[in-house]
Amino acid sequence: MRRYVIAGNWKMNMTPAKAQALINEMKPLVAGKDNCDIVLCVPAIDIPAAIEAAKGSNIKIGAENVHFKASGAYTGEISAEMLVEAGVEYVVIGHSERRQYFGETDQTVNLRTLAALNAGLKAIVCVGETLEQRELGYTETLLKFQTKMALTNVTAEQMKNVIIAYEPVWAIGTGVTATADQADEGNGYVRAAVAEMFGADIAAQTTVQYGGSMNDKNAAELLSKENVDGGLIGGASLKSAAFSAIVDAAQ
Ligand code: PEP
């Protein structure tokens with residue numbers, strides 16, 4: 001009913017030459033693993049090299065951010081049209097590192113999501129609670145709020161191109177993974193928010209990933225959960241063996 005998506009998020013790692021080498025290493029390891037979509041979201045400067053290296057394989061290339069305006073005086077930013085012309089198919093939006101370090105808000109996440117979708121990109125929209133918010137008992141409220149804010153003014157038709165990644169902030173890059181039950185519960189809150197906005201059918205068809213220290217050891221258990229339809233993977237996506245093992249777990 002809904003497709004698994006295993007997506008790497010390289011963050012600020014890998015030069016173009018290293019990107020090419022890593023993708024060449026990964027290609028034979030993930031070849032024929034067609035029960036999920038396989039995506040690598042890479043730094044903007046790596047996009048041409050990554051697209052060249054991934055040509056003819058089942059690896060798709062994504063960006064890590066997109067600006068919400070079509071063009072203009074936004075020094076340092078990259079538009080959706082630029083990404084599309086470069087051959088990018090996916091884009092990560094609202095990653096917690098962008099929210100934490102670069103002033104990303106629920107409103108700019110929404111604007112970026114609309115810009116990406118209107119340009120025909122697939123948006124991987126990230127939501128997630130901090131440890132403090134979890135301990136205060138706000139996880140459900142927060143996840144539903146972030147999801148609804150991100151998807152404001154998105155059409156039912158556009159939801160086909162929306163993937164939501166539930167990424168508890170306390171689990172990203174920390175080595176602390178949510179338990180499979182916590183991941184399932186968080187993803188369930190996200191799906192419930194989608195259902196409240198778009199109805200049960202669209203919610204049932206929307207891919208909701210888990211992200212936060214997913215690796216080759218814990219992927220199978222996380223991915224076995226009803227509401228976990230894939231992963232957004234940081235650290236482990238920088239190693240061909242670990243990433244391909246996660247792809248295997250999604251088969
Ligand atoms: C991420 O960058 O989205 C992420 C989940 O990182 P890590 O897998 O390293 O925790």
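Numbering of ligands and ligand atoms starts at 1, following listing order. All of these numbers come straight from a predicted model, not from anything done at the bench.
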The single option from Arg99, His95, Arg112 passing side chain to side chain donor-acceptor pair (under 3.5 Å) against Glu104
Arg112
Between Gly128 and Leu142 the two heavy atoms that sit nearest each other are O-CD1, 3.6 Å
Distances only, to 0.1 Å: what are the N or O pairs between ligand 1 and the protein that fall under 3.5 Å?
unit_1, atom_1, unit_2, atom_2, d
ligand 1, 2 (O), Asn9, ND2, 3.0
ligand 1, 2 (O), Lys11, NZ, 2.8
ligand 1, 2 (O), His95, NE2, 3.0
ligand 1, 3 (O), His95, NE2, 2.8
ligand 1, 3 (O), Glu167, OE1, 3.0
ligand 1, 3 (O), Glu167, OE2, 2.7
ligand 1, 6 (O), Lys11, NZ, 3.3
ligand 1, 6 (O), Gly234, N, 3.4
ligand 1, 8 (O), Ser213, N, 3.4
ligand 1, 8 (O), Gly234, N, 2.8
ligand 1, 9 (O), Gly235, N, 2.9
ligand 1, 10 (O), Gly173, N, 2.6
ligand 1, 10 (O), Ser213, N, 2.7

Measure the acute angle between the ring planes of His67 and Tyr74, then classify it against the limits of 30° and 60° as parallel, tilted or perpendicular.
tilted
Per-pair distances, 0.1 Å, donor-acceptor, side chain in residues 238-251, under 3.5 Å, sequence neighbours excluded:
unit_1, atom_1, unit_2, atom_2, d
Ser240, OG, Glu25, OE1, 2.7
Ser244, OG, Ser240, O, 2.9
Ser244, OG, Ala241, O, 3.1
Asp248, OD1, Lys33, NZ, 2.7
Gln251, OE1, Asn35, N, 3.1
Gln251, NE2, Val247, O, 3.1

Minimal non-hydrogen separation, Thr113 against Ala123, with atom names:
CG2-CB, 4.4 Å
Basic-acidic side-chain contact under 4.0 Å: Lys69, Glu77
no
